[in-house]
Asks: 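Please read through the structure below; I'll follow up with questions.
Whatever order the structure lists them in is the order used to number ligands and atoms, beginning at 1. A quick note: this is a predicted structure, and the numbers were derived from the prediction, not measured. Excluded from the calculations below are hydrogen atoms, water molecules and symmetry mates; all remaining heavy atoms, backbone and side chain alike, are included.
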Amino acid sequence: MKILVTGGAGFIGSAVIRHIINHTQSSVINVDKLTYAGNLESLTEVSDSNRYAFELVDICNRTELEHVFAEHQPDAIMHLAAESHVDRSIDGPAEFIQTNIVGTYNLLEAARTYWNELEADKKPTFASIT
Ligand SMILES: NC(=O)c1ccc[n+]([C@@H]2O[C@H](COP(=O)([O-])OP(=O)(O)OC[C@H]3O[C@@H](n4cnc5c(N)ncnc54)[C@H](O)[C@@H]3O)[C@@H](O)[C@H]2O)c1
């Protein structure tokens, strides 16, 4: 299975990716914008795997997201990209609205477009976890 993980350089996403690469046969596409919260060093133990790919992409960018879907043809999505440190939202709510609302909407729309074009036998097994 090929799993697209957003926010894979973050706290939860990097643990998920290490688990997938170390304990399953699945592949991962890590889609992350690398904000202050993203750290690729947390993935050094798996980043050389031929089952791991990294895409430096902002989930707010629909065109780039669609390119990632078309290139990698994932079987499932785990959406973990977020502005997650809520105390920061008091001083700067705009980033939270962009990533957590607009970005999530973009990802869902890109996934729906991709799913609509999947072959009929692949549609029932496609999974999205947010
Ligand atoms: N950490 C926890 O204990 C915990 C508990 C429950 C739920 N969650 C939820 O899990 C999710 C991930 O949490 P976390 O602790 O890993 O967050 P985190 O802040 O550690 O990581 C977020 C990741 O998302 C990336 N990112 C941010 N904006 C992006 C964008 N526009 N496009 C692409 N990538 C972007 C960052 O670069 C970073 O790598 C959040 O929705 C959070 O609310 C976390």
Asks: Going by the atom numbers of ligand 1, which of them fall below 4.0 Å from some non-hydrogen atom of G38?
Replies: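 Going through ligand 1 atom by atom, the ones under 4.0 Å from G38 are 37 (O), 38 (C), 39 (O).
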Asks: Is D58 close to ligand 1, meaning an N/O of one under 3.5 Å from an N/O of the other?
Replies: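 Min N/O separation from ligand 1 is below 3.5 Å for D58.
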Asks: Which protein non-hydrogen atom lies closest to atom 43 (O) of ligand 1, naming both residue and atom, and how far is it?
Replies: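 Going by distance alone, atom 43 (O) of ligand 1 is nearest to S84 CB, 4.4 Å.
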Asks: Between the side chains of E95 and N100, is a donor N or O closer than 3.5 angstrom to an acceptor N or O?
Replies: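 Side chains of E95 and N100: no pair found under 3.5 Å.
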Asks: For ligand 1, which atoms have a heavy atom of A9 less than 4.0 angstrom away?
Replies: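 Here the atoms of ligand 1 in question are 39 (O).
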Asks: Is it the case that more than 12 heavy atoms not belonging to K2 sit under 6.0 Å from its NZ atom?
Replies: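 Check passes, neighbour count above 12.
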Asks: Would you mind telling me if ligand 1 is within reach of the side chain of L34, the backbone, both or neither, using heavy atoms under 4.0 Å?
Replies: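 Just the backbone.
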Asks: Which residue supplies the protein heavy atom nearest to atom 39 (O) of ligand 1, what is that atom called, and how far is it?
Replies: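 Checked against all protein heavy atoms, atom 39 (O) of ligand 1 sits closest to D32 OD2, 2.6 Å.
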Asks: Just need the protein heavy atom nearest to atom 22 (C) of ligand 1, so name the residue and atom and give the distance.
Replies: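 Scanning the protein heavy atoms, the shortest distance from atom 22 (C) of ligand 1 goes to A82 O, 3.5 Å.
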Asks: Is there a donor-acceptor contact under 3.5 Å linking the side chains of R88 and Y36?
Replies: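 Yes, side-chain donor-acceptor contact under 3.5 Å.
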Asks: Which residue and non-hydrogen atom of the protein lie closest to atom 20 (O) of ligand 1, and at what distance in Å?
Replies: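 The answer is F11 N, 2.9 Å.
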Asks: Of all the non-hydrogen atoms in the protein, which one sits nearest to atom 10 (O) of ligand 1, and at what distance?
Replies: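 Ranked first by proximity to atom 10 (O) of ligand 1 is I12 CG1, 4.1 Å.
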Asks: Can you tell if the side chain of L80 reaches within under 4.5 Å of the side chain of V16, non-hydrogen atoms only?
Replies: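 Yes, at least one pair of side-chain atoms sits under 4.5 Å.
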Asks: Using a 6.0 Å distance limit plus a 45 degree cone around the ring axis, check whether R18 lies over the aromatic ring of Y52.
Replies: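 Judged by the rule (NZ or CZ under 6.0 Å from the ring centre, within 45° of its axis), R18 is not positioned above Y52.
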Asks: Might you point out which heavy atoms bring I77 and A111 nearest each other, and give the distance in Å?
Replies: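 Heavy-atom minimum between the residues: CD1-CB, 3.6 Å.
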Asks: Would you check if there is a donor-acceptor pair between the side chains of R51 and T24 at a distance under 3.5 Å?
Replies: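 On atom types as modelled, these side chains do not qualify, holding no pair under 3.5 Å.
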Asks: Can you check atom 8 (N) of ligand 1: any protein non-hydrogen atom closer than 4.0 Å?
Replies: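 No, there is no protein heavy atom closer to it than 4.0 Å.
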Asks: Which bit of T6 gets closer than 4.0 Å to ligand 1, counting heavy atoms only: side chain, backbone, both or neither?
Replies: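 It is neither part, as no heavy atom is under 4.0 Å.
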Asks: My question is simple, although I want it checked carefully: is atom 30 (C) of ligand 1 less than 4.0 angstrom from any protein heavy atom?
Replies: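 Protein heavy atom within 4.0 Å of atom 30 (C) of ligand 1: present.
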Asks: What do you reckon, are the aromatic ring centroids of F96 and H85 less than 6.0 Å apart?
Replies: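 No: the rings miss the under 6.0 Å criterion.
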Asks: At what distance is the nearest protein heavy atom to atom 32 (N) of ligand 1, and which residue and atom is it?
Replies: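 The closest heavy atom on the protein side is I59 N, 3.0 Å.
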Asks: What residue and heavy atom of the protein are closest to atom 12 (C) of ligand 1, and at what distance?
Replies: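 Checking every protein heavy atom, the shortest distance to atom 12 (C) of ligand 1 gives L80 O, 3.2 Å.
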Asks: Under 4.0 Å from any heavy atom of V57, which atoms of ligand 1 are there?
Replies: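 Checking each atom against V57, I get 32 (N), 33 (C).
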Asks: Quick check on contacts: which atoms of ligand 1 are under 4.0 angstrom from a heavy atom of T35?
Replies: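 The list of qualifying atoms is 27 (C), 28 (N), 36 (C), 37 (O).
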Asks: Between atom SG of C60 and atom CD1 of I101, what is the distance when rounded to the nearest 0.5 Å?
Replies: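 Here the interatomic distance stands at 10.5 Å.
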Asks: Tell me which protein heavy atom sits closest to atom 21 (O) of ligand 1, plus the residue, atom name and distance to 0.1 Å.
Replies: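 For atom 21 (O) of ligand 1, the nearest protein heavy atom comes out as G10 CA, 3.3 Å.
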Asks: With side chains defined as the heavy atoms from C-beta onward, is the minimum distance between V102 and N106 less than 4.5 Å?
Replies: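 A side-chain contact under 4.5 Å exists here.
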Asks: Is it true that the side chains of E55 and H72 contain a donor and an acceptor less than 3.5 Å apart?
Replies: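 Checked: E55/H72 side chains pair up, N/O donor to acceptor below 3.5 Å.
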